[in-house]
Amino acid sequence: MTDLSSLEAELAAIEPVRRGGTVRRVDTGALTLRGLAPRARLGDQVAVTPSQVARGAARDEIRGEIVALDEGVATAMTYGPTDGIGLGDPVWLVRESGLRPCDEWIGRVVDAFGKPLDGRPLPVGPRPAPLRRSPPPATRRRRLGGRLATGLSALDTVLPLARGQRVGVFAGSGVGKSTLLADLARGVEADVVVLALIGERGREVREFIEGVLGEEGMRRSVVIAATSDQSPLVKRRAAWAAMTVAEHFRDEGKHVLLLLDSVTRFAEAHREVALTAGEPPSLRAYPPSTANLIAGLAERAGPGPEETGGDITAVFTVLVAGSDMEEPIADITRGILDGHLVLDRAIAERGRFPAIDLRRSVSRSLPGVADADENALIAQARRMVGVYEEAAPMIQAGLYRAGADPRIDAAIAVYPAIDEFLASRSPQGPAEAFARLARALHPDSPADDGPEDRRAPRRENPAPGG
């Protein structure tokens with residue numbers, strides 16, 4: 001049945017008629033094409049036959065995408081180098097067939113076009129899925145679901161992740177972002193994990209898949225990869241491809257965990273495309289369409305429509321140079337998502353992983369996914385960390401004297417235990433993690449079973465926090 005579906009998909013992709021034109025101008029990153037404009041549409045794919053092919057050289061067609069249209073001409077960027085393309089070379093419109101994901105994609109590594117990268121044949125589904133798709137109507141979407149176990153104490157308690165939530169991980173290079181993503185891929189409750197690696201160095205793709213994600217993580221994952229040397233068109237397409245695959249499994253009623261690394265490289269790729277198309281640069285050279293592009297991608301994730309029963313819980317990483325949370329992509333993304341985790345280099349350098357800065361991180365699933373006792377513990381933990389870190393310069397310089405401020409004394413007493421707790425794992429789930437957090441905050445209290453005994457039943461669709 002699978003072979004028959006694949007054959008049907010291949011037959012459906014055959015184009016009965018090809019619309020042709022010629023190359024009018026060749027630049028390093030773009031082509032100007034004549035003869036396609038009456039039929040071409042923005043986003044259409046094109047195939048150029050270089051003149052060497054006509055003279056008998058062994059050279060494949062060069063594929064690309066139309067990024068701008070003018071009267072009588074079209075501007076296209078190619079998916080690879082433009083070397084060998086000459087004036088007058090024939091160019092053809094190619095129908096965009098979308099992706100055809102299916103269950104057999106789980107455990108596989110594919111490129112932005114749905115082609116296998118692991119050297120094995122890849123079955124395809126019977127129906128194409130469009131790369132660019134509108135999110136479900138706002139009034140038909142479910143609300144956030146219940147709290148998800150993640151296997152990490154910080155995310156099981158003070159920064160909870162709810163089903164259908166979209167959060168950002170904001171970090172500089174080398175602060176533990178990839179390790180955190182791998183922990184989530186292995187630990188979060190989900191039916192399928194879709195992982196997009198956008199703009200990664202080529203050697204790091206296999207290293208991440210085999211060394212960081214591992215066999216356990218790959219067992220339920222689909223990986224979409226676009227390396228740093230590829231065209232900005234391919235990198236941008238990889239993000240849409242990952243979202244399309246996630247939507248396919250969501251529409252089957254599954255809970256999908258989408259990990260997209262990174263929004264920054266997605267935005268940088270779009271910047272190259274938009275500037276080539278003639279869009280004016282704006283803040284830090286990002287074109288005005290960047291904010292809408294990121295919002296359009298993020299809105300496709302989240303709770304699914306009522307009729308499907310599936311959801312996409314999404315984690316988007318953002319590269320933050322110099323810890324500047326006000327740079328354009330960080331600022332845009334933070335305002336769109338349902339929470340943000342800020343990884344701090346100073347915390348990583350003193351050996352605590354995940355290096356989450358609790359004071360600067362927020363989960364907008366609170367207070368809805370926690371009960372009154374749990375919210376009280378979360379508030380107290382944040383308060384103790386805030387008091388200690390504000391007083392840290394005085395404490396470390398030896399200028400603070402015990403007894404001068406009861407709040408600081410209390411924070412000094414519990415801060416090491418809280419810091420150790422934030423670095424710990426919670427294999428037994430949120431209830432046990434909250435019990436340990438309670439012991440860290442109240443070391444002198446009699447040992448008991450923790451707040452799980454008093455917890456109200458978890459609500460499936462709680463009202464998210466602001």
Side-chain angles (χ1 to χ4, degrees), residues 147-161 167 169-172 174-184 186-188 212 323 339-363 366 370 373-398 400 402 405-452 455:
R147 181 174 57 211
L148 298 171
T150 66
L152 300 172
S153 297
L155 302 189
D156 279 354
T157 55
V158 292
L159 294 166
L161 182 65
V167 301
V169 175
F170 296 75
V175 188
K177 168 176 56 65
S178 295
T179 303
L180 177 58
L181 288 184
D183 286 338
L184 294 174
R186 291 190 296 262
V188 173
V212 180
S323 299
H340 49 273
L341 308 177
V342 179
L343 305 188
D344 185 83
R345 188 174 302 279
I347 295 175
E349 287 174 348
R350 60 180 173 83
R352 196 250 276 170
F353 295 96
I356 298 173
D357 185 339
L358 181 58
R359 295 176 67 194
R360 299 166 67 197
S361 301
V362 172
S363 172
L366 288 172
D373 290 337
E374 293 168 345
N375 277 312
L377 287 175
I378 292 169
Q380 186 180 4
R382 297 187 74 100
R383 185 165 58 249
M384 289 294 100
V385 170
V387 169
Y388 180 87
E389 292 185 354
E390 285 180 3
M394 288 192 304
I395 297 169
Q396 293 165 359
Y400 178 75
D405 188 328
R407 297 180 312 129
I408 297 178
D409 291 340
I412 291 173
V414 301
Y415 183 81
I418 296 174
D419 194 58
E420 182 180 353
F421 171 82
L422 294 175
S424 67
R425 297 182 179 273
S426 58
Q428 299 181 47
E432 185 273 338
F434 270 108
R436 287 189 289 108
L437 178 60
R439 290 194 292 270
L441 289 168
H442 306 287
D444 298 328
S445 298
D448 58 22
D449 292 332
E452 63 271 23
R455 236 169 18 103

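Since the model is a prediction, treat every value here as computed from it, not as a measurement. Nothing fancy with the numbering, it's 1 onward along the sequence. Side-chain atoms are counted along with the backbone in the values below, which use heavy atoms only and exclude waters and symmetry mates.
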Can Arg382 and Leu159 be said to form a side chain to side chain contact (heavy atoms under 4.5 Å, CB included), step by step? CA-CA 10 Å; Arg382 297 187 74 100; Leu159 294 166; 3.8 Å; yes
Rounded distance (nearest 0.5 Å) linking atom CG of Leu422 with atom CD of Glu420: 10.5 Å
Distance col, row Phe434:CZ vs Ile378:CD1, nearest 0.5 angstrom, shows 4.0 Å
Output for pair (Leu181 CG, Arg186 CZ), nearest 0.5 Å, gives 10.5 Å
Phe170 vs His340 aromatic rings, parallel, tilted or perpendicular, using cut-offs 30° and 60°? perpendicular
Does some side-chain heavy atom of Val387 sit less than 4.5 Å from a side-chain heavy atom of Tyr415? no
Determine yes or no for a side-chain-to-main-chain donor-acceptor pair under 3.5 angstrom, with Arg352 supplying the side chain and Pro354 the backbone. yes
Quick one: side-chain contact (heavy atoms from CB on, under 4.5 Å) partners of Val414, sequence neighbours excluded? Met384, Ile418, Pro443
Counting heavy atoms not belonging to Arg359, are there more than 12 under 6.0 Å from its CZ? yes
Given side chains that start at C-beta, do those of Val385 and Val158 come closer than 4.5 Å, heavy atoms only? no
Donor-acceptor contact present, side-chain Ser153 to main-chain Ser424, <3.5 Å: yes
Do Leu343 and Ile356 have side chains that approach each other closer than 4.5 Å (heavy atoms only, starting at C-beta)? yes
Is it the case that the side chain of Arg147 and the backbone of Ala370 share a donor-acceptor pair, with hydrogens and angles ignored and the cut-off at 3.5 Å? no
Main-chain N/O of Pro160 paired to Ser363 side chain as donor or acceptor, under 3.5 Å: yes
Asp156 side, atom CG; Arg436 side, atom CZ - distance, nearest 0.5 Å: 9.0 Å
Are the side chain of Asp409 and the backbone of Ala402 linked by a donor-acceptor contact shorter than 3.5 Å? no
May I ask you to test the Leu377-Thr157 pair for a side-chain heavy-atom distance under 4.5 Å? no
Distance, nearest 0.5 Å, that separates CG of Leu366 from CD of Glu374: 9.5 Å
What are the two closest heavy atoms between Ala355 and Ala348, and how far apart are they? CB-N, 3.6 Å
Heavy-atom check, side chain of Leu155 versus side chain of Leu184, under 4.5 Å: yes
Side-chain donor or acceptor of Thr150 paired with backbone N/O of Val188 under 3.5 Å: no
Between Arg350 and Asp419 (salt bridge meaning N to carboxylate O under 4.0 Å), is one present in this structure? yes
Does the pair Glu390/Arg407 count as a salt bridge with the N-to-O cut at 4.0 Å? no
Give the minimum heavy-atom separation between Tyr388 and Ile395, together with the two atoms involved. CE1-CD1, 3.8 Å
Side chains of Val175 and Asp344: does their closest heavy-atom pair fall under 4.5 Å? no
